[in-house]
A.B. asks: 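Shown below is the structure under consideration.
Just so it is clear, the model here is predicted, and its values are computed rather than measured. Residue indices begin at 1 and follow the sequence shown.
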Amino acid sequence: PQCAKPDGVFHVTMIPGDGVGPELMRAVKEVFKAADVPVEFDEFHLSEVQNLISEEKLEEVLSSMKSTRVAIKEIGKIHTPMAFKGDLASYEMTLSRRKLDLFANVVHISSLPGYKTRHNNLDLVIIREQTEGEYSSLEHESVSGVIECMKIITREKSRRIAKFAFDFATKKGRSKVTAVHKANIMKLGDGLFLQSCKEVAELYPMIKFETMIIDNCCMQLVQNPYQFDVLVMPNLYGNIIDNLAAGLVGGAGVVPGESYSSDYAVFETGARHPFAQAMGRNIANPTAMLLTSANMLRHLNLEYHSNMISEAVKRVIKLGKVFKKKKKKKKNTKIQVLAALQLLR
């Protein structure tokens, strides 16, 4: 974590992104102000949809990141258009996975008392390698009507993410790591990922190691998610499993996430959706973003403020004050959290 400036204030890079991203970031700033959090934001507005992005803006963000080392962003809310416009790599991918080398994405799936879901008391962590795999932006049309999309798996990056997962399990006192793969079909690519995980696992004899094929993992998560502790997997599988697991505890609006490189930490929601249809309607759920901001404060060693915000969010959800009642207007989660903060201070 960075050290506080001489005035005791931490500086953090903020990127609101597209869709409801700016609204959610506004909620974070209001809650931080109410909780007297000693953080100042260097804010950058990037949008491929609104053409508010360029190489110059990316360099400004990178300059800020080199100074702060910590960012909070709606990384998935920097909406990536599906139409091909000459460059296969989106700006979000260029920034996060190439410029910053954010190789490890961590999503903690944890049940929140107050949300009614099929499974209760869930507590598992999904760790995803996010610099290669299917999202390498290596596609070409070999002949007319035939597209080849390359999946890149390397020993170096597979071992790096495996070591990250085992180090995470050791640090957090977790007992098992499950490597998720499709090596029965992709024998060379996923085979290399799986072999790399097995090699790293031998260095951690106190951590139980298991393997599971991705399609079986999806079914097992729905049927019996309690069997999992820490899961580690390549890029695309992690993207899918993040969203599936988020649905187990309440959806995209309640799961926090974070991404790490050797130099930077970026805090973001665990499931990434721009939710553009909710823009300006004050209905987007800020829970995931507020819990993400609390995790960021913990990373900055601001434990008191982190606990205050996370406890206020959980208190509001547990009391059920934010749910829509028959013929009554839905109450705003942010307002309820601000009220809960006053009670906890």
Side-chain angles (χ1 to χ4, degrees), residues 1-17 21-22 24-25 28-29 31-33 35-46 53-78 90-108 125 127-131 156-157 160-161 163-165 167-168 170-172 256-270 272 288-310:
Q2 63 165 281
C3 296
K5 304 300 180 185
D7 57 2
V9 174
F10 292 85
H11 287 260
V12 171
T13 304
M14 173 182 277
I15 307 176
L24 299 184
M25 289 302 187
V28 169
K29 288 188 284 188
V31 168
F32 273 32
K33 182 178 180 180
D36 292 325
V37 177
V39 166
E40 289 184 1
F41 294 111
D42 299 335
E43 194 166 346
F44 297 89
H45 293 275
L46 303 179
I53 199 164
S54 64
E55 290 296 333
E56 290 75 21
K57 282 186 175 288
L58 284 181
E59 288 303 318
E60 290 177 10
V61 173
L62 286 171
S63 178
S64 175
M65 284 292 299
K66 288 176 182 177
S67 174
T68 64
R69 302 284 177 177
V70 178
I72 185 168
K73 59 163 69 173
E74 281 295 48
I75 195 165
K77 304 288 192 296
I78 304 176
S90 67
Y91 279 105
E92 181 270 313
M93 185 179 294
T94 299
L95 174 65
S96 300
R97 300 167 194 177
R98 297 183 181 177
K99 300 284 190 180
L100 300 178
D101 191 34
L102 297 170
F103 70 91
N105 177 248
V106 181
V107 175
H108 185 189
V125 177
I127 296 177
R128 161 193 177 195
E129 205 293 323
Q130 60 175 9
T131 61
E156 177 187 359
K157 293 187 176 182
R160 179 173 67 168
I161 196 65
K163 185 178 185 303
F164 181 95
D167 285 343
F168 181 94
T170 301
K171 181 180 178 181
K172 301 296 183 180
E258 54 230 48
S259 292
Y260 296 98
S261 72
S262 58
D263 298 312
Y264 307 106
V266 174
F267 294 82
E268 57 200 327
T269 53
R272 305 165 182 178
M289 201 68 251
L290 292 174
L291 292 176
T292 295
S293 70
N295 290 343
M296 181 192 73
L297 295 179
R298 189 168 293 111
H299 176 79
L300 294 172
N301 292 321
L302 294 171
E303 292 284 344
Y304 170 76
H305 297 91
S306 172
N307 291 334
M308 182 192 301
I309 291 173
S310 60

A.B. asks: Do any N or O atoms from the side chain of His108 and from the backbone of Pro256 form a donor-acceptor pair under 3.5 angstrom?
C.D. replies: no

A.B. asks: Which heavy atom of Ile161 sits nearest a heavy atom of Phe103, and at what distance?
C.D. replies: CD1-O, 3.8 Å

A.B. asks: Write down the atom of Met25, the atom of Pro16, and the distance for their closest heavy-atom approach.
C.D. replies: CG-CA, 3.7 Å

A.B. asks: Look up atom OG in Ser63 and atom CG in Leu58, then write down how far apart they are to the nearest 0.5 Å.
C.D. replies: 12.5 Å

A.B. asks: Quick check against the 3.5 Å criterion: does Glu129 have a side-chain atom that pairs as donor or acceptor with the backbone of Thr131?
C.D. replies: yes

A.B. asks: Mind checking whether Phe164 and Tyr260 have parallel, tilted or perpendicular rings, split at 30° and 60°?
C.D. replies: tilted

A.B. asks: Looking only at non-hydrogen atoms, find the nearest pair between Ala288 and Thr269 and report the distance.
C.D. replies: CB-CG2, 3.8 Å

A.B. asks: Show the nearest heavy-atom pair for residues Ile72 and Phe41, with the distance to one decimal.
C.D. replies: CG2-CE2, 3.8 Å

A.B. asks: OG of Ser261 to NZ of Lys99: how many Å apart, nearest 0.5 Å?
C.D. replies: 14.5 Å

A.B. asks: So which heavy atom on Tyr264 is nearest to which on Met65, and how close?
C.D. replies: CE2-O, 3.4 Å

A.B. asks: I need the Asn295 CG to Ile309 CD1 distance, nearest 0.5 Å.
C.D. replies: 10.5 Å

A.B. asks: Would you indicate whether the side-chain heavy atoms of Leu291 and Ser310 approach each other to under 4.5 Å?
C.D. replies: yes

A.B. asks: Glu303 vs Asn307, test: side-chain contact (heavy atoms from CB on, under 4.5 Å). Steps then yes/no.
C.D. replies: CA-CA 6 Å; Glu303 292 284 344; Asn307 291 334; 4.1 Å; yes

A.B. asks: Which distance, rounded to the nearest 0.5 Å, do you find between the CD of Glu40 and the NZ of Lys29?
C.D. replies: 12.5 Å

A.B. asks: What distance separates Lys66 NZ from Glu59 CD, expressed to the nearest 0.5 Å?
C.D. replies: 7.0 Å

A.B. asks: Out of Thr68, Leu300, Asp42, which one pairs with Val12 under the side chain to side chain contact (heavy atoms under 4.5 Å, CB included) rule?
C.D. replies: Leu300

A.B. asks: Could you check whether any side-chain N or O of Ser293 sits under 3.5 Å from a backbone N or O of Leu290, counting only pairs where one atom can act as donor and the other as acceptor?
C.D. replies: yes

A.B. asks: So, taking the atom named CZ in Arg128 and the one named CG in Asn105, what distance separates them when rounded to the nearest 0.5 Å?
C.D. replies: 5.5 Å

A.B. asks: Evaluate Glu258 against Arg298 for salt bridge (Lys or Arg N to Asp or Glu O under 4.0 Å), listing each step before the verdict.
C.D. replies: CA-CA 12 Å; Glu258 54 230 48; Arg298 189 168 293 111; over 6 Å; no

A.B. asks: Could you check whether atom CD of Glu156 has more than 12 heavy atoms from other residues, nucleotides or ligands sitting under 6.0 Å from it?
C.D. replies: no

A.B. asks: Just do the side-chain contact (heavy atoms from CB on, under 4.5 Å) check on Met308 and Val37 with the steps written out, would you?
C.D. replies: CA-CA 10 Å; Met308 182 192 301; Val37 177; over 6 Å; no

A.B. asks: Does any part of the side chain of Val70, heavy atoms only, come nearer than 4.5 Å to the side chain of Phe267, both counted from C-beta?
C.D. replies: yes

A.B. asks: Stepwise, does the side-chain contact (heavy atoms from CB on, under 4.5 Å) test hold for Ser259 with Gln130?
C.D. replies: CA-CA 9 Å; Ser259 292; Gln130 60 175 9; 3.0 Å; yes

